[in-house]
Every structure is written in C-alpha cells, then in structure tokens.
S.K.: 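Dropping a structure here in structure tokens format, bear with me for questions.
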Amino acid sequence: MEKNKEFDVVIIGGSFAGLSAAMALGRSLRKVLIVDAGKPCNRYTPHSHNFIGFDGEVPGDVAEKARKQVLAYPSVQSISDEVLRAESVKGGFEIQLANSGNYTAKRIILATGLKDELPAVPGFEECWGKSVIHCPYCHGYEFRDQPTIIMVAKDHALHIAALVHNLTKNLVLLSRDYDSYEPNELASFEQKDIRIYPGTLKAIIHEDGMMKGVILENGNQILANAMYAAIPFKQQSTLAEQLGCAMNEKGLISVNAMQATSVEGVFACGDNTNHVRSLAQAVASGGMAGAAVNADLAIQEFKQV
C-alpha cells in the first residue's frame, strides 16, 4: 500500500457489488481503495446460478477473476482489512481500519452486504446454501422434482409455495403458526397436494450438507432433499448507522435510483440495499454506484473555478 492514504473513493466491501463499482471508477481514472474483510455472504454456496455467463461456477472463483480484472486498472488498490469507523470530515470522509491506520476519501461506497442469522439447529449451518436454500431462482432448478420442504412465515408461504410448486409437486409446508391460517388458505394448499406439518424444526439430517430430512420438536420426521428457509438477517457492518444513513422498514440501507444514501457523499450497493439477493443484482447496483460516484465527482470538479 502506498504511503499516500488519500483517495477519491473508498469502497468498503470487495465482493461482487464492490468490485463492480470499482471497475466503473477505475475505468474513469478515479483513485480507488477497496477494503475487504473477506466474509462474503455467499461463501456458504458451492455454486452460483442464474448469473448469465457464469452459471454453475463457484462464486469465489468468479469473484477472484473479477478482482484480478479490477486491480489491473492502475488507479485501483485493494487491502484486506476491516473498517472500524467512518465519519464525515472537511472535504469528505475519514476511515479507520483495524490494522492499517486511517484513510481519507472524497466519497464512500458501502458494499458491506448482509449477515444471515442462522438458527442454532443441528445441521442447519452445514446445509445452508447447499440444500437449505433461500431462493427458487438461485437454487430451485437443481432440486426440481425432488421432495422439498418450505419453512417460511405465513405471510410469505403462499408466494414461495407458488414459485416452488412450479419446480416440484412433492412439497411439504412446515409451519410454526399453523393455527393462524384461515380455512380458505389451508384449502388452497390442499388443492395443490401440499401437506402442512405443524411444528418447530429440531434438527436436519444430512450428509456433507446435502439434506436427507428433518426432525421436528414433536418427534415427527420429514424426508426431503431440500428446504426453502426464510431466516432473519442484519447489516454486516454498522458503518451505515455510524454515518447516519437512513434505513428502510426491512433493515436495508435506503438509496435512490443512483444508489445514493440519505447522507451526501455516501453511496451503497449490493445486498445491503436490496431484498433481491443475487450476483446479478449486486453487479448491477455496484456498476450504478460506481458510475454515479464518478459523475458526482466529475460535476463537482467541472464547476470548480
């Protein structure tokens, strides 16, 4: 790392969204620092799908290829570290890293992602991203026509069931709030031969992360090869909160169409801003953030006399 610690842009988070933003900025001759702690949310997933051009590839391999391409631009640098603090200062922002001191930037891009709060259920973490999955578009094709469980709250059950029923007719709905369903709602599942099991998940039976079935707290066992699970998440980083960025009702960073947050000079992209969690979305929002930041800087510089 060069001694000069002043940058046009510091990008916090070096996965797909952050790298996409960095490429747009590098191609615009902006002096960029990417700070990455190396904990991408997709590290649990062995293969990426529904990302055109890279379908079926290992996410880490795709990210490494992207990283090499981005760092080929001379004005872009990367450092493996964690950002502890970020605050507004005259002329921009100051960023404190855990191991590498302080840096300044005219603009910040938060590409920090989300952290899934995995339940303390035996087998859940081992299966997460492999056979316990969250998205029919990312993983559903691989489990088509296979026995599948849906474990989501009532408010999302019908939506997910409709999407998954298109992929497999061998479906079971696991519900902790069974008593809250209306008779007509239960009838809609019955018409589609979707069985409903009241109860709470106790353990997942698996071999090397590939699910064989589940055990419920009441002792019932359900055989299945996959399970869709909606689990809570939180922001991977507290930096948006430190900087005073507005958040929406889902706990995501609020941004406009140009990926700008409510704090002037702070932009955000990727999973931390959007409930559609996919590589394609991350790359698209990162590219927009990078272009928007460059335009913001260019207009400011052009107007200076």
Side-chain angles (χ1 to χ4, degrees), residues 41 44-45 49-50 114-125 127-206 210-235 247-254 271-278 281:
C41 195
Y44 294 96
T45 302
H49 293 287
N50 207 36
L114 298 173
K115 182 178 181 179
D116 292 310
E117 298 187 294
L118 304 182
V121 172
F124 198 102
E125 183 173 358
C127 295
W128 182 239
K130 302 178 181 70
S131 56
V132 177
I133 51 184
H134 78 286
C135 172
Y137 298 102
C138 298
H139 306 284
Y141 183 84
E142 283 61 48
F143 292 100
R144 65 194 183 280
D145 299 323
Q146 297 186 39
T148 299
I149 297 170
I150 299 173
M151 187 180 72
V152 298
K154 176 193 171 185
D155 293 345
H156 303 288
L158 184 60
H159 173 70
I160 295 297
L163 294 178
V164 179
H165 189 264
N166 182 59
L167 296 165
T168 178
K169 303 300 185 284
N170 193 341
L171 276 181
V172 168
L173 176 63
L174 176 58
S175 175
R176 291 186 297 179
D177 46 10
Y178 177 83
D179 293 338
S180 65
Y181 281 90
E182 299 294 335
N184 63 313
E185 294 173 325
L186 295 174
S188 66
F189 290 112
E190 185 178 350
Q191 289 171 1
K192 296 297 183 182
D193 292 325
I194 299 175
R195 294 162 290 158
I196 302 179
Y197 280 76
T200 302
L201 185 66
K202 181 180 181 180
I204 296 176
I205 306 165
H206 70 97
M210 300 310 296
M211 193 172 79
K212 304 300 179 183
V214 301
I215 303 172
L216 306 185
E217 290 286 358
N218 58 18
N220 286 335
Q221 295 191 25
I222 307 172
L223 299 180
N225 295 341
M227 180 169 71
Y228 290 86
I231 62 174
F233 62 82
K234 64 180 180 180
Q235 290 286 328
M247 312 294 286
N248 66 23
E249 68 282 356
K250 295 181 179 179
L252 302 171
I253 303 172
S254 294
D271 290 353
N272 60 8
T273 67
N274 197 306
H275 71 279
V276 180
R277 299 173 64 178
S278 72
Q281 182 277 326

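All values derive from a computational prediction rather than experimental measurement.
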S.K.: Run the ring-ring contact (aromatic ring centres under 6.0 Å, His included) test against H134 and tell me which residues pass, sequence neighbours left out.
M.R.: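 H134: ring-ring contact (aromatic ring centres under 6.0 Å, His included) contacts with H139.
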S.K.: Output yes when a side-chain donor or acceptor of Q235 lies under 3.5 Å from a complementary backbone atom of N272, and no otherwise.
M.R.: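 Flag set: sc Q235 to bb N272 pair under 3.5 Å.
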S.K.: Which value, rounded to the nearest 0.5 Å, describes the distance between R277 atom CZ and D271 atom CG?
M.R.: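 Here the interatomic distance stands at 5.0 Å.
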S.K.: Test side chain to side chain contact (heavy atoms under 4.5 Å, CB included) on I205 and V214 and set out the steps.
M.R.: CA-CA 6 Å; I205 306 165; V214 301; over 6 Å; no
S.K.: Where the side chain of D116 meets the backbone of L118, is there a donor-acceptor pair that is under 3.5 Å apart?
M.R.: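 Not at all, since once roles are kept as given, no pair shorter than 3.5 Å links the two residues.
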S.K.: What distance separates M151 CE from T200 OG1, expressed to the nearest 0.5 Å?
M.R.: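 It comes to 9.5 Å.
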S.K.: I'd like to know if the side chain of E117 reaches the main chain of K234, judged simply by a donor and an acceptor atom lying under 3.5 Å from each other, with no hydrogens or angles considered.
M.R.: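 Judged by distance alone, no pair lies under 3.5 Å.
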S.K.: Please answer whether the main-chain N or O of F143 pairs with a side-chain N or O of Q146 as donor and acceptor at a distance below 3.5 Å.
M.R.: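 Not confirmed, Q146 side chain does not pair with F143 backbone.
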S.K.: Go through I204 and M227 one step at a time and tell me if the side chain to side chain contact (heavy atoms under 4.5 Å, CB included) criterion holds.
M.R.: CA-CA 10 Å; I204 296 176; M227 180 169 71; 3.9 Å; yes
S.K.: Are K115 and F233 in a cation-pi contact, defined as NZ or CZ under 6.0 Å from the six-membered ring centre and within 45° of the axis?
M.R.: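 No, K115 does not sit over the ring of F233.
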S.K.: Do L201 and E217 have side chains that approach each other closer than 4.5 Å (heavy atoms only, starting at C-beta)?
M.R.: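 SC-SC contact between L201 and E217 ruled out.
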S.K.: Using a strict cut-off of less than 4.0 Å between a Lys/Arg side-chain nitrogen and an Asp/Glu carboxylate oxygen, indicate whether E190 and R195 qualify as a salt bridge.
M.R.: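 So E190 does not pair with R195 through a salt bridge.
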S.K.: Please name the pair of heavy atoms, one in A157 and one in V152, separated by the smallest distance, quoted to 0.1 Å.
M.R.: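 Looks like CA-CG2, 3.5 Å.
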S.K.: If only side-chain N and O atoms count, and only distance matters, is there a donor-acceptor pair under 3.5 Å linking T168 with N170?
M.R.: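 Result is no, nothing qualifies.
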S.K.: Report yes if some heavy atom in the side chain of I196 is under 4.5 Å from a heavy atom in the side chain of Y181; otherwise report no.
M.R.: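 Not touching, per the 4.5 Å side-chain cut-off.
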S.K.: Determine whether a donor-acceptor pair (N or O, by modelled atom type, separation under 3.5 Å) exists between the side chain of K192 and the backbone of S188.
M.R.: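 Checked: no pair found.
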S.K.: Roughly how far, to the nearest 0.5 Å, is CE of M211 from SG of C127?
M.R.: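 C127 atom SG to M211 atom CE measures 7.0 Å (nearest 0.5 Å).
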S.K.: Check each of L174, V132, L223 against I149 using the side-chain contact (heavy atoms from CB on, under 4.5 Å) test, and report the only one that passes.
M.R.: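 Output: one option passes, namely L174.
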S.K.: Can you check whether D193 reaches K169 side chain to side chain, under 4.5 Å on heavy atoms?
M.R.: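 No - every pair of side-chain heavy atoms lies 4.5 Å or more apart.
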S.K.: Start with the C-alpha gap between Y178 and L173, add the side-chain angles, then the distance that decides, and say whether side chain to side chain contact (heavy atoms under 4.5 Å, CB included) holds.
M.R.: CA-CA 10 Å; Y178 177 83; L173 176 63; over 6 Å; no
S.K.: Using a 3.5 Å distance criterion without hydrogens, assess whether the side chain of D177 forms a donor-acceptor pair with backbone atoms of S180.
M.R.: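 The answer is no, because no donor-acceptor pair under 3.5 Å joins these two groups.
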S.K.: Which word best sums up how the rings of F124 and W128 line up, parallel for under 30°, tilted for 30 to 60°, or perpendicular for over 60°?
M.R.: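 Correct class here is parallel.
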S.K.: Output the distance between atom CD (Q221) and atom NZ (K202), rounded to the nearest 0.5 Å.
M.R.: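 If we round to the nearest 0.5 Å, Q221:CD and K202:NZ are 10.0 Å apart.
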S.K.: Are L252 and L114 packed together at the side-chain level, in the sense that at least one heavy-atom pair is separated by less than 4.5 angstrom?
M.R.: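 When only atoms from C-beta onward are counted, L114 and L252 do touch, with a gap below 4.5 Å.
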S.K.: Decide yes or no for Y197 and S175: does some side-chain heavy atom of the first lie under 4.5 Å from some side-chain heavy atom of the second?
M.R.: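 When only atoms from C-beta onward are counted, S175 and Y197 do not touch, as no gap falls below 4.5 Å.
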S.K.: With the side chain counted from C-beta on, respond yes when T148 and N225 share a heavy-atom pair under 4.5 Å apart, and no when they do not.
M.R.: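 Not touching, per the 4.5 Å side-chain cut-off.
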S.K.: If we only count heavy atoms from C-beta on, is the E182 to L186 side-chain gap below 4.5 Å?
M.R.: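 When only atoms from C-beta onward are counted, L186 and E182 do not touch, as no gap falls below 4.5 Å.
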S.K.: Look only at the side chain of E125 and the backbone of V121, and say whether a donor-acceptor pair between them is shorter than 3.5 Å.
M.R.: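 Answer holds: no.
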S.K.: Looking at every non-hydrogen atom in both residues, tell me the closest pair between N218 and P198 and how far apart they are.
M.R.: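 Taking every non-hydrogen atom into account, ND2-O, 3.5 Å.
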S.K.: Test side chain to side chain contact (heavy atoms under 4.5 Å, CB included) on I194 and H165; report intermediate values, then the result.
M.R.: CA-CA 9 Å; I194 299 175; H165 189 264; 4.2 Å; yes
S.K.: For V164 versus I150, what's the shortest heavy-atom pair and its separation?
M.R.: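 Heavy-atom minimum between the residues: CB-CD1, 4.2 Å.
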S.K.: Please round to the nearest 0.5 Å and tell me the distance separating atom SG of C138 and atom CG of N50.
M.R.: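 Here the rounded value is 6.0 Å.
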